[in-house]
Amino acid sequence: MQDQNTPMEQDAMMDDADLYTLVDEEGNEKLFELIDILEENGQVYFALIPHIEDPAELLEGEIELVVLNAKTDNDGNEILEPIDSDEEYNRIAEAFLERLNEEEIDEENE
């Protein structure tokens, strides 16, 4: 994914989800939904999944988790960049997955 990612306008039909358009290496745009934000050692990371309009599709298979580093460009705009280090990516992705599993367990216990 390239670092030219901008927040999409929120639509009432989209349940006020935080949506982002990400651009891949070939220039293809794909809509993603922000599911969590994590701060570690002064760095902010975003966990996103592809935006799915039909909730039934969430049950049909594996969901791609995209983890990006949030930074500020020279103009003060927030941009999302890929994480360069495999070790850092794996550590942050695991932290997000642990948090998601904890939330799921909490919801089941309610």
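The closest side-chain heavy-atom distance from V67 to I83 is below 4.5 Å. At least one side-chain heavy atom of E81 sits under 4.5 Å from a side-chain heavy atom of I79. Between E29 and V23, the closest side-chain pair of non-hydrogen atoms falls below 4.5 Å. For the pair D84 and N69, the minimum side-chain heavy-atom distance is 4.5 Å or more. In this structure, K30 and Y20 have side chains that are not in contact, with every pair of non-hydrogen atoms separated by 4.5 Å or more. Residues L48 and E33 have side chains not in contact (no heavy-atom distance under 4.5 Å, counting atoms from C-beta outward).
In terms of modelled atom types and a separation under 3.5 Å, the side chain of N28 and the main chain of D24 share no donor-acceptor contact.
If you run side-chain hydrogen bond (donor to acceptor under 3.5 Å, both in side chains) between R91 and each of E88, E87, E94, only E87 comes through.
Here CG of L80 is found 13.0 Å from OH of Y45. Values are rounded to the nearest 0.5 Å. Between atom CG of residue L22 and atom NE2 of residue H51 there is a gap of 13.0 Å, rounded to the nearest 0.5 Å.
The shortest non-hydrogen separation linking V66 to L68 is CG1-CG, 3.8 Å. Smallest separation of non-hydrogen atoms from A47 and L34: O-CD1, 3.5 Å. When every heavy atom of R99 is checked against every heavy atom of I37, the shortest pair comes out as NH2-O, 3.2 Å. Between A70 and F46, the closest heavy-atom pair is CB-CE1, 3.6 Å. Counting all heavy atoms, side chain and backbone alike, Y89 lies closest to L65 at OH-O, 3.6 Å.
Atom CG of D86 is surrounded by 12 or fewer heavy atoms from other residues, nucleotides or ligands within 6.0 Å.
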